[in-house]
Engineer: 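Handing you this structure, nothing more for now.
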Amino acid sequence: MSGLLLEVDRLTLGFRTERGLARILDGASLRIAPGEVMGLVGESGCGKTTLARAILGVLPAGGAQVDGGRISFRGRDLLREDPATLARDLRGRAITFIPQDPFSSFNPVFTIGEQLMDLMKWKSPRRQGEGRWPTLLQPYPRARRKADREAVLEMLAAVQLPNPAAILQKYPHEVSGGQRQRLMIAMALLPEPDLVIADEPTTALDVTIQAQILGVIRRLATERRVAVLLTTHDLGSAWEICDAVTVMYAGQDVESAPIDRFFAAPAHPYTTRLLESLPREGADVAGIPGEVPSPLAQPPGCRFYPRCDRATEACRATRPEETLLAEGHRLRCYHPRLPA
Amino acid sequence: MKRLELILSRLLWLVPTLIGLGVITFAISHVIPTDPVAILAGENATAEQIAALRTQLGFDRPLPVQLLAYFQDLLRGDMGVSLFSQQPIAEELATRLPATLELTFAAVLLASVLGIPLGVVSALRRNSAIDHALRIVTVSGLAIPSFWLAIQLQYLFAMQIGVAPLNGRIDGFGPEPVTGLMLLDSLLQWDWESFWGALRHIALPAITLALPAAATIARFTRAGVLEVVTSNYVLYERAMGLPGALVTWKYVLRNALISTVTQIGLIFGVLLSGAVVVEAVFDWPGLGAFAVISIIQSDHRAVMGFTLWAGAIFVIVNLIVDVLHTLIDPRSTR
């Protein structure tokens, strides 16, 4: 074991559809060190949400089929250990979740306070073995409840929500989208996790709110030494808050690097095209010609070769192995663009 | 405050609803080609005798005049007298109301207690053997006519096994009437013997009414749960590792029940009409049994009285359901 917190190693999985197996992830790898904010960047449909869900253990039951690979978190195998044990010990505790859409991710018929306190009842860091009660009869010890409530109010202040006590009385539809996402961040941090999975946490929000929310995530992650996996299709967001970036294309990782090196010396043709496609002053926006291949008919070898201007026979035949270009800079390409 | 507004506006709506119901029932009862006067006068009456009786009862007046006169009486709380028993209809209905309310409430309660968990289990184990078995049971629960089911239950439990009485509401006098609901009254007076007796009597008619209702409730709950389990908030609750039982029986169920509760209000109306048949089979002294006798005798006034009461009960029950709805779903009041 290196000092990694999370290691996704060549994860391959697909969904059974009426037209055959749709291979969403094909040998996708990802590494996150403790306390590291890792951006998982890729176009819509490249499999980043599926990868996030695989780590969270909420792949659609019955439809998903894992064909290979490993997800290990602090040495525990998230794909093969008993799901119920993982749900009890790990999920919502060591690994928490900030969902994409704060509008629909709150239960609409319970107050915010009730949902927060239910989470704390089961996932508070102050919770210790409290006997084997049937779930619905499990008591909530008064002293812990009081301490948990104080922690909740403190955390709501830390994510800069005005008047925390009043917000707990409200229903989700009574607070704004930005406030809901701040609540989601608070809920993700309250169990004092080691890793927060933030799946496009700003996509559903107004542009003016997005930067604030990213700022809150970055600040709290640093203060509390929490690692974050931030999936995003927006390189700008990644630039703002990430320590490192992993780029995915059509279900495969293609390049990962520390943030400075990523923007200074991108090596994979896809990454460079992606960076060129960013709008910038005084230049035309350059799209990437061609289309993302359908997950039902993936090309063998490097999946980017049909759109790549450097592709050769080798790219068609086998997927490139991982090469280490520099400290933390990993690449899968036969013909990288290397700095002259 | 919104809730109070809702209640008041619904109560106001009760007035036009009942007027409409009254007009329709009145019209229907005068379209049906039976002549209550001829039935009342008997087989041997002459044409003159029948005509005289008709004038005496006021049935020779134009229909709109009769209708207006009827509504005028209604305002004074007078529903007229039964043509045959010569008893005031309002009084007769009032004494029979508790029996019907008790039966229908018992049936709704039983149907909910059976139907809701079945619906949840069926949805969570979708397409499993349990789900298929439940689908067969629920479809047949809806398809079986209640009079047939009633007779089968009587035959099996009353005549063969003998655990429940064949018919009636209680042996002897029953508990001192307070609310008129025997189960409740006997409980209030700690009269366990009466409670047990009332329970044994109500069991078979309540089961007869409850089975098809439970089937409907199970189907709606199943559909509701299936919709809710794919929602983002359930995904979130699972990703955060909250215990499965908590997610299902608290977070999912409350959302799924929003549509089920509305359905239960409508089922109540179905039960009221179902009670007409079931009360007749079990000789249950309620509104339904009275309605059957009145229909057979072409006693229009009595039938109208029953219809208006049933309509009022239905509206009020649905008002209660709407209030429950606002309690379950906070979004509906604000």
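Every chain is numbered from 1, with letters handed out A, B, ... down the list of sequences. Treat the numbers as computed from the prediction; the structure is a model and nothing was measured.
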Engineer: Is the closest basic N to carboxylate O distance between A/Glu114 and B/Lys250 below 4.0 Å?
Structural biologist: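 Salt bridge flag = yes for B/Lys250 with A/Glu114.
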Engineer: Cation-pi check for A/Tyr171 against B/Arg331: NZ or CZ below 6.0 Å from the six-membered ring centre and within 45 degrees of the axis, yes or no?
Structural biologist: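 Verdict for A/Tyr171: no cation-pi partner in B/Arg331.
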Engineer: What part of A/Thr135 lies closer than 4.5 angstrom to a heavy atom of chain B: side chain, backbone, both or neither?
Structural biologist: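 It is the side chain, since no backbone atom gets that close.
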Engineer: CZ of A/Arg149 to CZ of A/Arg145: how many Å apart, nearest 0.5 Å?
Structural biologist: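 The CZ atom of A/Arg145 is 7.5 Å from CZ of A/Arg149, to the nearest 0.5 Å.
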Engineer: I'd like to verify something: which residue of B/Ser231, B/Pro243, B/Ala245 has the highest number of heavy-atom pairs under 4.5 Å with chain A?
Structural biologist: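 Heavy-atom pairs under 4.5 Å are most numerous for B/Pro243.
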Engineer: List the steps and the verdict of side-chain hydrogen bond (donor to acceptor under 3.5 Å, both in side chains) for B/Ser122 and B/Asp131.
Structural biologist: CA-CA 5 Å; B/Ser122 189; B/Asp131 188 26; 2.4 Å; yes
Engineer: Go through the atoms of B/Ile328 and report whether side chain, backbone, both or neither lie under 4.5 Å from a heavy atom of chain A.
Structural biologist: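 Backbone only.
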Engineer: Check A/Asp199 with A/Arg53, please: is the shortest side-chain N to carboxylate O separation under 4.0 Å?
Structural biologist: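 Here A/Arg53 does not pair with A/Asp199 in a salt bridge, since their nearest N and O are not under 4.0 Å apart.
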Engineer: Between B/Val228, B/Leu235, B/Thr230, B/Ile258, which has the largest tally of heavy atom pairs under 4.5 Å with chain A?
Structural biologist: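 Looking at each of B/Val228, B/Leu235, B/Thr230, B/Ile258 in turn, B/Leu235 comes out on top.
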Engineer: Using non-hydrogen atoms and a limit below 4.5 Å, what part of residues 93-101 of chain A faces chain B?
Structural biologist: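 Against chain B, the residues of residues 93-101 of chain A that fall inside the cut-off (heavy atoms, under 4.5 Å) are A/Thr96, A/Phe97, A/Pro99, A/Asp101.
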Engineer: Measure distances from A/Leu86 to the heavy atoms of chain B and classify the residue's part below 4.5 Å as side chain, backbone, both or neither.
Structural biologist: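 A/Leu86 has no heavy atom closer than 4.5 Å to chain B.
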Engineer: With the threshold set at 4.0 Å, does a side-chain nitrogen-carboxylate oxygen contact exist between A/Glu81 and A/Arg76?
Structural biologist: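 Answer for the salt bridge query: yes.
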Engineer: Which one wins on heavy-atom pair count under 4.5 Å against chain B: A/Pro60, A/Pro191, A/Ser105, A/Pro172?
Structural biologist: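 Between A/Pro60, A/Pro191, A/Ser105, A/Pro172, the count favours A/Ser105.
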Engineer: To the closest 0.5 Å, what do you measure between OG1 (B/Thr248) and CG (B/Leu242)?
Structural biologist: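 Output value for this atom pair is 11.0 Å.
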Engineer: Are any side-chain N or O atoms of A/Lys48 and backbone N or O atoms of A/Thr231, one a donor and one an acceptor, separated by less than 3.5 Å?
Structural biologist: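 No; judged by distance alone, with no hydrogens or angles, the pair does not exist.
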Engineer: Under a 4.5 Å cut-off applied to non-hydrogen side-chain atoms, are B/Ile320 and B/Arg10 in contact?
Structural biologist: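 SC-SC contact between B/Ile320 and B/Arg10 ruled out.
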Engineer: Between A/Asp118 and chain B, which part of the residue has a heavy atom less than 4.5 Å away: side chain, backbone, both or neither?
Structural biologist: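 Interface part for A/Asp118: both.
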